[in-house]
*Asks:* 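Here it is: the structure, laid out below.
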Amino acid sequence: MTVHIGAQPGDIAETVLLPGDPYRAKWAADTFLTDVKLVNEVRGMLGFTGMWKGNRVTIHGSGMGMPSLSIYVNELIKDYGAKTLIRIGSCGGMQDSVKVRDVIVAMTATTLSTPSRGIFKELNFAPCADYSLLRAAADAAEAKGTATHVGGIYSSDVFYDERPDLTEQMTRHGILGVEMEAAELYNLAARHGRRALAVLTVSDHLLTGEALPSEDREKTFGDMVEIALEAAFA
Ligand code: HPA
C-alpha cells in the first residue's frame with residue numbers, strides 16, 4: 001500500500017492504462033478485461049487489474065491535471081513497478097483538420113509548466129512518447145479505420161483558459177489538441193526509464209465549438225481503449 005493506492009504488492013500489472021476519470025476505469029475494465037479485481041479505491045480513485053487476450057493489465061484513474069496524475073504515476077512506477085503507462089483520455093481539437101471523434105496519438109506535449117518544473121528549472125525539456133508504443137498505436141488505429149492524427153499536443157494547467165493568444169500560437173505551430181496530463185506522464189516515464197504514451201479522443205473543438213454528444217462518448221472511448229491495449233501488447 002502507498003499513500004494514495006491501497007493495492008497489495010503484486011496487485012498492479014506492469015502495463016497500466018490511465019483514464020482521467022475513475023468511472024471510465026471501471027467501465028473499461030468491465031468492458032474489455034476478464035478476471036477483473038478492484039485493486040484501489042482510496043479517495044474514490046478506482047483501479048482494476050484483469051486480463052486482456054492473455055495479458056495482465058491494470059486500468060487506474062489518474063484524476064484531472066498533472067499534479068493528480070503525478071501522484072498516481074510516481075506511486076505506480078516506484079512502488080508497484082509499472083513499466084508501460086498509457087493515458088487514455090479526451091482532448092480539445094486545435095486544428096481544422098482534426099475533427100471531433102478523431103483520435104490523437106501524442107508524439108510530444110508542449111506546456112507552460114509541469115510538476116517537474118522544479119527539477120528542470122531553466123531547461124525546456126521536451127517530453128516525448130515512447131516510439132514503439134506510438135508506432136503500434138498508430139498502426140492499431142489505422143487497422144481499425146479510426147481517423148487518427150500523430151503529432152504534438154498541449155498539456156495545459158487550466159481547463160478554463162484565459163490566454164486565447166497562446167491557443168492561437170499553438171494552432172499556428174501545428175499543435176493538434178489540448179488536454180491536461182500527458183506532459184507529466186512523459187516526464188516521469190523519461191525520468192524512470194519507462195514506456196509512456198497518450199492516446200486521446202477529440203471530445204470538443206476549440207476552433208469550431210463543436211462537442212461530442214454524450215451518447216457517442218462511450219463508443220469513441222471504447223475504440224481508444226482497444227487501440228491502447230493493442231499498442232501495449234504489440
Ligand atoms: N481543454 C483542456 N482539457 C481538455 C479539453 C479542453 O478543451 N477538452 C478535453 N480535455
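Whatever order the structure lists them in is the order used to number ligands and atoms, beginning at 1. Predicted, not measured: the structure shown is a model, and the values here were computed from it. Side chains are part of it too, since the values below use all heavy atoms of this structure and drop only hydrogens, waters and symmetry mates.
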*Asks:* Go through the side-chain N and O atoms of T201 and S90 and say whether any donor and acceptor fall under 3.5 Å apart.
*Replies:*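 S90 and T201 do not have a side-chain donor-acceptor pair below 3.5 Å.
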*Asks:* Find the distance between OG1 (T111) and CD1 (I153) and round it off to the nearest 0.5 Å.
*Replies:*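 T111 OG1 to I153 CD1: 10.5 Å, rounded to 0.5 Å.
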*Asks:* At under 4.0 Å between heavy atoms, is it the side chain or the backbone of C91 that contacts ligand 1, or both, or neither?
*Replies:*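 The answer is the backbone of C91.
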*Asks:* Let me know which of Q95, H205, H149 forms a side chain to side chain donor-acceptor pair (under 3.5 Å) with D102.
*Replies:*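 Answer after filtering Q95, H205, H149: H149.
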*Asks:* Just which atoms of ligand 1 are under 4.0 Å from any heavy atom in S203?
*Replies:*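 Ligand 1 atoms under the 4.0 Å threshold to S203: 9 (C).
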*Asks:* What is the nearest protein non-hydrogen atom to atom 10 (N) of ligand 1, stated with its residue, atom name and distance?
*Replies:*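 Among all protein heavy atoms, the one nearest atom 10 (N) of ligand 1 is S90 O, 3.6 Å.
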*Asks:* Nearest non-hydrogen atom to atom 8 (N) of ligand 1 belongs to which of I153, L212, D204?
*Replies:*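 Going through I153, L212, D204 one by one, D204 has the nearest heavy atom to atom 8 (N) of ligand 1.
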*Asks:* Check each heavy atom of L206 against ligand 1 and say whether those closer than 4.0 Å belong to the side chain, the backbone, both or neither.
*Replies:*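 It is the side chain that gets close, since no backbone atom is under 4.0 Å.
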*Asks:* Show which atoms of ligand 1 fall inside a sub-4.0 Å distance from at least one heavy-atom site of M180.
*Replies:*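 That gives atoms 2 (C), 3 (N) of ligand 1.
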*Asks:* Counting non-hydrogen protein atoms only, what is the nearest one to atom 2 (C) of ligand 1? Give residue, atom name and distance.
*Replies:*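 Answer for atom 2 (C) of ligand 1: F159 CD1, 3.7 Å.
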*Asks:* Identify, with sequence neighbours excluded, every residue that meets salt bridge (charged side-chain N to carboxylate O under 4.0 Å, His left out) alongside R163.
*Replies:*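 Salt bridge (charged side-chain N to carboxylate O under 4.0 Å, His left out) check on R163 returns D165.
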*Asks:* Could you find the nearest protein heavy atom to atom 4 (C) of ligand 1 and give me its residue, atom name and distance?
*Replies:*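 Answer for atom 4 (C) of ligand 1: V178 O, 3.5 Å.
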*Asks:* So, S116 versus E184: side-chain donor-acceptor pair below 3.5 Å or not?
*Replies:*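 Yes, because at least one side-chain N or O of S116 sits under 3.5 Å from a partner of the opposite role on E184.
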*Asks:* Please identify which atoms of ligand 1 are closer than 4.0 Å to at least one heavy atom of G92.
*Replies:*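 Selected atoms, number and element: 5 (C), 8 (N), 9 (C).
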*Asks:* Taking atom types as modelled and ignoring hydrogens, do the side chains of T114 and N187 form a donor-acceptor contact shorter than 3.5 angstrom?
*Replies:*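 A donor-acceptor contact under 3.5 Å links the two side chains.
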*Asks:* Does S156 have a non-hydrogen atom less than 4.0 Å from ligand 1?
*Replies:*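 The answer is no: ligand 1 sits nowhere under 4.0 Å from a heavy atom of S156.
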*Asks:* In plain terms, say whether R135 and D139 are close enough for a salt bridge, that is, a side-chain N and a carboxylate O under 4.0 Å apart.
*Replies:*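 D139 and R135: not salt-bridged.
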*Asks:* Any salt bridge (Lys or Arg N to Asp or Glu O under 4.0 Å) involving residues 167-180? Give me the pairs, sequence neighbours left out, ordered by first then second residue.
*Replies:*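 Only R87-E179 qualify under salt bridge (Lys or Arg N to Asp or Glu O under 4.0 Å).
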*Asks:* Under 3.5 Å between any N/O of E179 and any N/O of ligand 1: does that happen in this structure?
*Replies:*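 Looking only at distances, the answer is no, because the N/O contact criterion of under 3.5 Å is not met.
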